Enquirer: 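Got a structure for you, questions after.
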Number of protein chains: 2
Amino acid sequence: MTNWLNPTELSSWLSLAELVVKLPAALDAQLQRDSGLSHFEYMVLARLSEAPAQSLRMSSLAAISNGSLSRLSHVVKRLEQRGWVVREPCPEDGRYTNAILTGTGREKVTAAAPGHVGAVRSLVIDRLDADQLEALRAICGRIAAGLPGSTCPE
Amino acid sequence: MTNWLNPTELSSWLSLAELVVKLPAALDAQLQRDSGLSHFEYMVLARLSEAPAQSLRMSSLAAISNGSLSRLSHVVKRLEQRGWVVREPCPEDGRYTNAILTGTGREKVTAAAPGHVGAVRSLVIDRLDADQLEALRAICGRIAAGLPGSTCPE
DNA sequence: GCCGTTTACTTGACGCTTCAACTGATCCGG
DNA sequence: CCGGATCAGTTGAAGCGTCAAGTAAACGGC
């Protein structure tokens with residue numbers, strides 16, 4: 001006996017399903033067009049640029065970038081080939097690898113940031129009022145908390 | 001002069017960014033594990049099962065499945081190989097192709113549906129109250145309306 | 001202090017999506 | 001009608017993500 005979605009629930013769900021497909025595509029398109037970066041690549045560079053010493057362990061970087069370690073490893077290899085990141089083993093514990101943003105990498109993400117933030121603003125933030133923005137934060141937090149990989153399993 | 005996100009805006013955005021990455025992954029994982037289907041494949045089969053005569057034009061099916069025509073073409077080819085869909089050119093206008101759900105395809109999607117709906121419920125719907133559900137619908141609709149490919153350009 | 005286990009990360013192969021180029025079918029101006 | 005333009009869909013190649021297997025360093029029990 002399946003508990004199917006009623007029309008109200010279905011409508012909300014279909015709206016969300018459309019969003020999770022199309023919003024990432026739109027943001028990727030802007031970054032790709034204007035900076036030649038995928039959203040994930042941008043995220044990696046941006047997180048590094050915010051980190052102390054422009055440097056983070058691969059596993060921490062993977063976590064805050066919402067990606068798997070394997071995915072990050074492939075992406076960092078490509079970013080390294082483009083000269084935006086370097087990798088070096090952690091001196092204290094050889095199991096860890098630190099990803100470090102280079103000077104050129106910093107320039108790259110600095111140049112890409114305004115366009116990306118502009119897209120986030122025009123596609124999301126500026127289309128919602130203050131109440132909606134707060135509701136969105138609460139809703140996303142609530143759903144994310146129940147997802148596998150959350151630090152809050154309840 | 002970039003208009004950066006303030007802490008409130010940033011917090012909402014990061015929550016949403018996490019959601020659009022992790023929610024599809026979680027739904028895909030359930031479908032893949034329990035039915036051997038991707039979310040997009042499920043969507044295609046589900047939309048066909050709701051259509052009159054279990055049949056839709058490729059381009060209409062692509063639109064309501066939130067995918068490109070090219071992606072759909074590849075996926076329908078695979079679904080056809082698995083015996084769940086057949087394709088035939090439209091008799092009236094040879095440019096159109098109709099995708100039609102087979103009997104086995106109907107059984108497949110019928111078997112997969114309860115598990116998928118259960119996942120949507122437990123991960124999304126049942127975690128929100130009625131107000132949040134309605135707010136979510138409004139927010140997603142508002143954002144989606146501004147995305148490329150929307151029927152409502154404003 | 002040695003060996004098995006665990007941790008952190010890398011790698012290669014496979015599958016899926018995208019993009020651009022292509023095929024066919026229909027429309028339309030003259 | 002005939003030829004170019006447009007429309008619907010397909011295809012192949014290239015790139016990215018995932019998974020499973022592998023490597024290398026550090027821990028931990030004895």
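Throughout, a chain's letter reflects where its sequence line sits, starting with A, and its residues are numbered from 1. Keep in mind it's a predicted model, so treat the numbers as computed, not measured. Every heavy atom of this structure was used, including side-chain atoms; hydrogens, water molecules and symmetry mates were not.
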Enquirer: Just by distance, do the side chain of B:Glu9 and the backbone of B:Asn6 share a donor-acceptor pair under 3.5 Å?
Expert: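 Side chain of B:Glu9 to backbone of B:Asn6: a pair is present.
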
Enquirer: Can you list the residues that meet the salt bridge (charged side-chain N to carboxylate O under 4.0 Å, His left out) rule with A:Asp93, with sequence neighbours excluded?
Expert: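 Result, salt bridge (charged side-chain N to carboxylate O under 4.0 Å, His left out) vs A:Asp93: A:Arg95.
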
Enquirer: Report the residues that fulfil salt bridge (charged side-chain N to carboxylate O under 4.0 Å, His left out) with A:Glu50, sequence neighbours left out, ordered by chain and then residue number.
Expert: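 A:Glu50 satisfies salt bridge (charged side-chain N to carboxylate O under 4.0 Å, His left out) with A:Arg47 once adjacent residues are dropped.
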
Enquirer: Taking side chain as C-beta onward, heavy atoms only, is A:Glu41 less than 4.5 Å from A:Val44?
Expert: no

Enquirer: Let me check something: any side-chain donor-acceptor pairs from residues 56-78 of chain B under 3.5 Å, sequence neighbours excluded? List them with distances.
Expert:
from, atom 1, to, atom 2, distance (Å)
B:Ser65, OG, B:Leu61, O, 2.6
B:Ser68, OG, B:Arg71, N, 3.0

Enquirer: Counting only non-hydrogen atoms, which of residues 23-30 of chain A are less than 4.0 Å from DNA chain D?
Expert: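 Nucleic-acid contacts, sorted: none.
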
Enquirer: Under the ring pair (Phe, Tyr, Trp, His ring centres under 6.0 Å) test, which residues partner A:His39, sequence neighbours left out?
Expert: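 Checked A:His39 against ring pair (Phe, Tyr, Trp, His ring centres under 6.0 Å); matches are A:His116.
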
Enquirer: Determine the minimum heavy-atom distance between B:Leu45 and B:Leu79, stating which atoms define it.
Expert: CD2-CD1, 4.0 Å

Enquirer: What pairs meet the salt bridge (charged side-chain N to carboxylate O under 4.0 Å, His left out) rule with one or both residues in residues 29-38 of chain B, with sequence neighbours excluded?
Expert: none

Enquirer: Partners of A:Arg137 by salt bridge (charged side-chain N to carboxylate O under 4.0 Å, His left out), sequence neighbours excluded?
Expert: A:Glu134

Enquirer: A side-chain contact here means heavy atoms from C-beta on lying under 4.5 Å apart; do A:Leu16 and B:Leu19 qualify?
Expert: yes

Enquirer: Under 4.0 Å, heavy atom to any atom of DNA chain C: which of residues 39-50 of chain B qualify?
Expert: none

Enquirer: For residues 106-115 of chain A, dump all side-chain donor-acceptor pairs below 3.5 Å to protein atoms at least two apart in sequence or in another chain.
Expert:
from, atom 1, to, atom 2, distance (Å)
A:Lys108, NZ, A:Ser35, O, 2.8
A:Thr110, OG1, A:Arg106, O, 2.6

Enquirer: What range of DNA chain D does chain B touch, first nucleotide to last, counting atoms under 4.0 Å from its heavy atoms?
Expert: D:dC7 to D:dG12

Enquirer: B:Leu69 CG to C:dC16 P: how many Å, rounded?
Expert: 18 Å

Enquirer: Are the side chain of A:Ser11 and the backbone of A:Pro7 linked by a donor-acceptor contact shorter than 3.5 Å?
Expert: no

Enquirer: Report yes if the side chains of A:Val117 and B:Asn3 come closer than 4.5 Å at any heavy-atom pair, otherwise no.
Expert: no

Enquirer: Would you say the side-chain atoms of A:Thr102 pair up with the backbone N or O of A:Trp84, donor to acceptor, closer than 3.5 Å?
Expert: yes

Enquirer: Students often get this wrong, so: under 4.0 angstrom with heavy atoms, is B:Ser68 touching a base, only sugar-phosphate, or nothing?
Expert: sugar-phosphate

Enquirer: Pick base, sugar-phosphate or nothing for A:Thr97, based on heavy-atom distances below 4.0 Å to the nucleic acid.
Expert: sugar-phosphate

Enquirer: Of the residues in residues 58-67 of chain A, which ones touch DNA chain C at a heavy-atom distance under 4.0 Å?
Expert: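 Under 4.0 Å from DNA chain C: A:Met58, A:Ser59.
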
Enquirer: When you compare the side chain of B:Arg127 with that of B:Gln132, does any pair of heavy atoms fall below 4.5 Å?
Expert: no

Enquirer: Below 4.0 angstrom, which residues in residues 73-95 of chain B have at least one non-hydrogen atom near DNA chain D?
Expert: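 The answer is B:Ser73, B:His74, B:Lys77, B:Arg87, B:Arg95.
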
